[in-house]
Amino acid sequence: MNIFICGTFLFGIAFFLHIIVWKIRIPKNQMKTLILIFFSVFISGMISISFVQCNKSLFCQEAIIYFSEIIHVTIFFTAITFSYFLVYASFIGESPSLFIVWNIANSGKIGMNKNDLYKLIEDDIFIKPRFEYLIEEKMVNKIGGKYLLSPKGNTFISIIIIIQKLMKLSKSNG
Amino acid sequence: MSSIQLLTIWYFKGITYYKSLITGLFCGFIFILFFEFYFLIMKYYSLSDSIALSLVTIVSYLCLSFCYLCFIQLGVSALRIRLLQELYNSPNGLTMDEILGLYNSKHIIDYRVKRLINNGQIIIKRDRYYVKMSITLIMAMILEVCRFIILGKKSRIKFIRK
């Protein structure tokens, strides 16, 4: 029961704090701020529990949470937090599939043909912002008007290619 | 989950990538339920503790599976990965026009529309596309509601049609 209460409570506090911060002002670097909020709350929570544990005589006689439970809480909290980060990433980034689906949904009984979709989805919406992100993250370098993979981008794509081979996936996706 | 998924991909003919994911997820879930049930019968913990612990384990498993799926899915549908792949295949580098010649929004639409039709998420009638109630549409609606609550952005889906 301790694990469930502790994990849910810490996640709840972090989520509440994140909503408050976002209502005041949406940060420029949203993902980094999100990671900072969630893991600061988690580390503070764990330090507080350890403090209570070390000073048992001040609070209660029995251990409130055992070491194995702390590990379990860490796994539980990390799992739900990372899942939330992934869901949040889909709020800020535009997914082409969802974009197509909700645009066709909005067209109702009239429907849409391919040309309507071509007019709606342009390179400026999906390709260019993602490419700029890759440059910002230093995965791609611009040298003399040409774009080249940086060592960081090369390592990252090599890992993805290994996964694609393991999963027997087609290389021309996207 | 991942080991079962890899085994089904490599050793079972006719099992597609998506079916292997579902098989892996399902087998892992059964495995967890079996152990949770075992601990409940053996009475290691009180009933309330057992239920809470099972809940924590199941939620952790589902969340970690979701993270795993998202990571693996990067190699399937992520646009950034496709852009990196195009650069990886061109050691001398590419200009923006060359990149857009190899991969552009028209390519995205063709590929995604084909996939959405194959998965039954949209239907085609006399060259026009119509949406069907599907997991993707429900997901799009949920995401729009969450975007509105968290980011305060107005929904782009017309929930009520005039």
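Each chain gets a letter, A, B and so on, in the order its sequence line appears, and its residues count up from 1.
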Where the side chain of [X] meets the backbone of [Y], is there a donor-acceptor pair that is under 3.5 Å apart?
{"X": "B:R128", "Y": "A:G111", "result": "yes"}
{"X": "B:R112", "Y": "A:P96", "result": "no"}
{"X": "A:R130", "Y": "B:R80", "result": "no"}

Measure distances from [X] to the heavy atoms of chain A and classify the residue's part below 4.5 Å as side chain, backbone, both or neither.
{"X": "B:C67", "result": "both"}
{"X": "B:L84", "result": "both"}
{"X": "B:L143", "result": "both"}
{"X": "B:I149", "result": "backbone"}
{"X": "B:I150", "result": "both"}
{"X": "B:N104", "result": "both"}
{"X": "B:L87", "result": "both"}
{"X": "B:L151", "result": "both"}

So, the part of A:F85 with a heavy atom under 4.5 Å from chain B: the answer is neither
Note to self: Need one label for A:F77: side chain, backbone, both or neither, based on atoms under 4.5 Å from any heavy atom in chain B.
What the structure shows: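 It is neither, since no heavy atom gets under 4.5 Å.
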**Report entry** Greatest number of heavy atom pairs closer than 4.5 Å to chain A - which of B:I122, B:I99, B:I124
**Finding:**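 Ranked by heavy-atom pairs under 4.5 Å with chain A, first place is B:I99.
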Walk me through it: do A:I157 and B:Q85 pass the test side chain to side chain contact (heavy atoms under 4.5 Å, CB included)?
CA-CA 7 Å; A:I157 196 66; B:Q85 260 174 346; 3.6 Å; yes
message = Are the side chains of A:F76 and B:T57 in contact, using a 4.5 Å heavy-atom criterion?
response =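 They are not in contact (no side-chain heavy atoms under 4.5 Å apart), so the answer is no.
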Exercise. Can you check side chain to side chain contact (heavy atoms under 4.5 Å, CB included) on B:Y129 and A:D116, steps first, answer last?
Worked result: CA-CA 10 Å; B:Y129 301 109; A:D116 298 331; over 6 Å; no
Check your understanding: Do NZ/NE/NH1/NH2 and the carboxylate oxygens of B:D110 and A:K114 come within less than 4.0 Å?
Key ->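 Answer for the salt bridge query: yes.
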